[in-house]
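Take a look at the structure below.
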Protein chains: 2
Amino acid sequence: MGERRSGTREKIQAVAVELFAEHGYEKTSLREIAERLDVTKAALYYHFNTKEDIVVSLFDDLIANVDEIIDWATDQPRTLETRQEVIRRYGCVARNRPKSMMRFVQESKATLRELAVGERLQARFQTLAGTLHMPDAPPAEQLRCSIALLSVSAAPFMLKELDATDDEKYAAGLELALELVSSACVGGREPQSKPQSKERSKERQSTAS
Amino acid sequence: MGERRSGTREKIQAVAVELFAEHGYEKTSLREIAERLDVTKAALYYHFNTKEDIVVSLFDDLIANVDEIIDWATDQPRTLETRQEVIRRYGCVARNRPKSMMRFVQESKATLRELAVGERLQARFQTLAGTLHMPDAPPAEQLRCSIALLSVSAAPFMLKELDATDDEKYAAGLELALELVSSACVGGREPQSKPQSKERSKERQSTAS
DNA sequence: GTCTATAAGGTGATAGAC
DNA sequence: GTCTATCACCTTATAGAC
């Protein structure tokens, strides 16, 4: 289980995700990736069978990590605490990868949709968002949850023009995301006679960063 | 100024934006567009000089409409009312075009970035978001404003899985967007001693749809 | 305005030497 | 593991007839 490999595979992945995020998947040619690594195109084919396989390999552990969050959330009571923890965990997962990865996911959705691994990703995000609200929650509620996930993972490149550190931007995304899931009503209807309403008043500090 | 043309140009645009949004710009070939219209590739080149020109033409009046909102907002006092009106107007602009257009903008950002018209678009959105907060607003505040614009224009395809009409989804996006710009603090610091604080307590009805 | 025919170029991918 | 050389394919775009 040691690093017995030369690490070329990982270098290919790192360069690829960077170029895919910046210029898009289709416009990034294997020639371009190879040139950046000072190898030839053919060398890439020793490590990956196809161009698409590079993308698939990129998202393998992201998907696994999201699945872990989903599994955890499914076993928890649907409380405010749980929703906040889902946001925090997803924020950690997003932060623990190259920034360009979430950027690729967010800014090349049309491409990823064609790639089948994109469908898998999309399904996970859908399910993850589903853990943040009741199944029959109203549209605005469901939208709020999807946007909370976006906020906690996409802040650094949504605030690209802003002069601040990535840390500050991630913190801002987390702050907003927590606010979004906290103002959410738990059930499908207005939260006025539900027993869950006991959780609805103990928050409102930001816990940013 | 009448419709003296055969309308082929408009048909090309309509088909193109649909395919670009669904499969992405690069993966949509001119052959594919032509086939859908039962013409040949060469016919497209009578109406547009290049493939990129089709995209440019697509966004011409969207950009013009956004500019109008920016111009209007610039002349207004930076009040809550103004911010809400910006959201409403942008929501109208987004609704008044094919749904696939905003989808293309949101889901093919990497591609559009390479297309130069994408840079123009992006600059407009940046400026429009800037009208929703003070120049030195904290990161979370700026993020909230960007996300409000996203919410009001992207709800129908962000809620793709949801079983509801587009009208309901647009309404949900508007509701959330208004909430986001309403909970925003006006200045760069906490709103406690600013004179603008008089506007900060007359809202909190949703005015959805 | 639309067609047929074709040019020019880049792409993903493979074969086989080292 | 990486190379050279090559392939088949598809693309955008153009020329010129009708």
Side-chain angles (χ1 to χ4, degrees), chain A residues 1-59 104 108 110-118, chain B residues 1-59 104 108 110-118:
Chain A
M1 289 146 187
E3 305 286 321
R4 74 187 186 288
R5 302 279 207 349
S6 59
T8 304
R9 193 187 148 95
E10 286 70 22
K11 283 182 200 161
I12 294 172
Q13 291 175 315
V15 168
V17 73
E18 211 72 39
L19 292 175
F20 290 164
E22 180 64 28
H23 306 296
Y25 172 76
E26 293 94 343
K27 220 190 165 183
T28 302
S29 64
L30 295 177
R31 175 189 54 75
E32 199 177 348
I33 296 174
E35 275 175 6
R36 279 241 190 159
L37 292 166
D38 263 312
V39 295
T40 61
K41 252 192 323 176
L44 304 183
Y45 279 96
Y46 172 81
H47 298 279
F48 299 96
N49 289 328
T50 66
K51 186 184 182 186
E52 182 167 351
D53 276 353
I54 300 180
V55 178
V56 173
S57 80
L58 244 30
F59 291 126
F104 182 32
S108 297
T111 293
L112 283 169
R113 200 181 305 129
E114 304 280 295
L115 251 37
V117 71
Chain B
M1 290 144 183
E3 305 286 322
R4 74 187 187 286
R5 302 280 209 343
S6 60
T8 304
R9 192 185 148 96
E10 287 70 23
K11 282 182 200 162
I12 294 171
Q13 290 174 317
V15 168
V17 73
E18 212 72 38
L19 292 175
F20 290 163
E22 180 65 28
H23 306 297
Y25 171 75
E26 293 93 343
K27 222 192 164 185
T28 301
S29 64
L30 295 178
R31 177 191 52 74
E32 200 177 347
I33 296 174
E35 275 175 5
R36 280 241 189 159
L37 292 166
D38 263 311
V39 294
T40 62
K41 255 192 318 177
L44 304 183
Y45 279 97
Y46 172 81
H47 297 279
F48 298 96
N49 288 328
T50 67
K51 186 184 182 185
E52 183 168 350
D53 276 354
I54 300 181
V55 179
V56 173
S57 79
L58 243 30
F59 291 126
F104 181 33
S108 297
T111 292
L112 283 170
R113 201 182 305 130
E114 305 279 295
L115 252 35
V117 71

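Only this structure's heavy atoms are used, side chains among them; waters, hydrogens and symmetry mates stay out. Numbered from 1 within each chain, the chains take letters A, B, ... in sequence-line order.
Between the CD atom of E32(A) and the P atom of dG9(C) there is a distance of 19 Å, given to the nearest Å. Whole-Å rounding puts the E35(B) CD to dT2(C) P distance at 17 Å. Computed from coordinates, the L37(B) CG to dG1(C) P distance equals 15 Å when rounded to whole Å. Here dT2(D) presents its P atom at 8 Å from CD1 of I12(A), a figure rounded to the nearest Å. The separation between D38(A) atom CG and dG1(D) atom C1' is 15 Å, rounded to whole Å. Distance CG (L44(A)) to P (dG12(C)): 10 Å, rounded to an integer number of Å.
Taking 4.5 Å as the limit, every side-chain heavy atom of T50(A) sits out of range of all side-chain heavy atoms of V56(A).
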Measure all distances between protein nitrogen or oxygen atoms and nitrogen or oxygen atoms of nucleotides 12-16 of chain D, and list the pairs falling under 3.5 Å.
residue: dT12(D); atom: OP1; partner: K51(B); partner atom: NZ; Å: 3.0
residue: dT12(D); atom: OP2; partner: L30(B); partner atom: N; Å: 3.2
residue: dA13(D); atom: OP2; partner: Y45(B); partner atom: OH; Å: 3.0
residue: dA13(D); atom: OP2; partner: K51(B); partner atom: N; Å: 2.8
residue: dA13(D); atom: O5'; partner: Y45(B); partner atom: OH; Å: 3.4
residue: dA13(D); atom: N6; partner: K41(B); partner atom: NZ; Å: 3.2

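Atom CD of E10(A) and atom NE2 of H47(A) lie 9.0 Å apart (nearest 0.5 Å). For the atom pair CD of E52(A) and CG of L58(A), the computed distance is 12.0 Å after rounding to the nearest 0.5 Å.
Considering only side-chain N and O atoms, T40(B) lies under 4.0 angstrom from the phosphate OP1 or OP2 of dC3(C). OP1 or OP2 of dT2(D) sits under 4.0 Å from a side-chain N or O of T8(A).
Among T8(A), D53(A), L30(A), the one residue that satisfies the side-chain contact (heavy atoms from CB on, under 4.5 Å) test with L44(A) is L30(A).
Which of dC3(D), dT2(C), dG1(D) sits closest to the side chain of Y46(A) comes down to dG1(D).
For R31(B), the salt bridge (Lys or Arg N to Asp or Glu O under 4.0 Å) partners two or more places apart in sequence, or in a different chain, are E35(B).
Sorted by first then second residue, the ring pair (Phe, Tyr, Trp, His ring centres under 6.0 Å) pairs that include residues 9-35 of chain B, not counting sequence neighbours, are F20(B)-Y25(B), F20(B)-F104(B).
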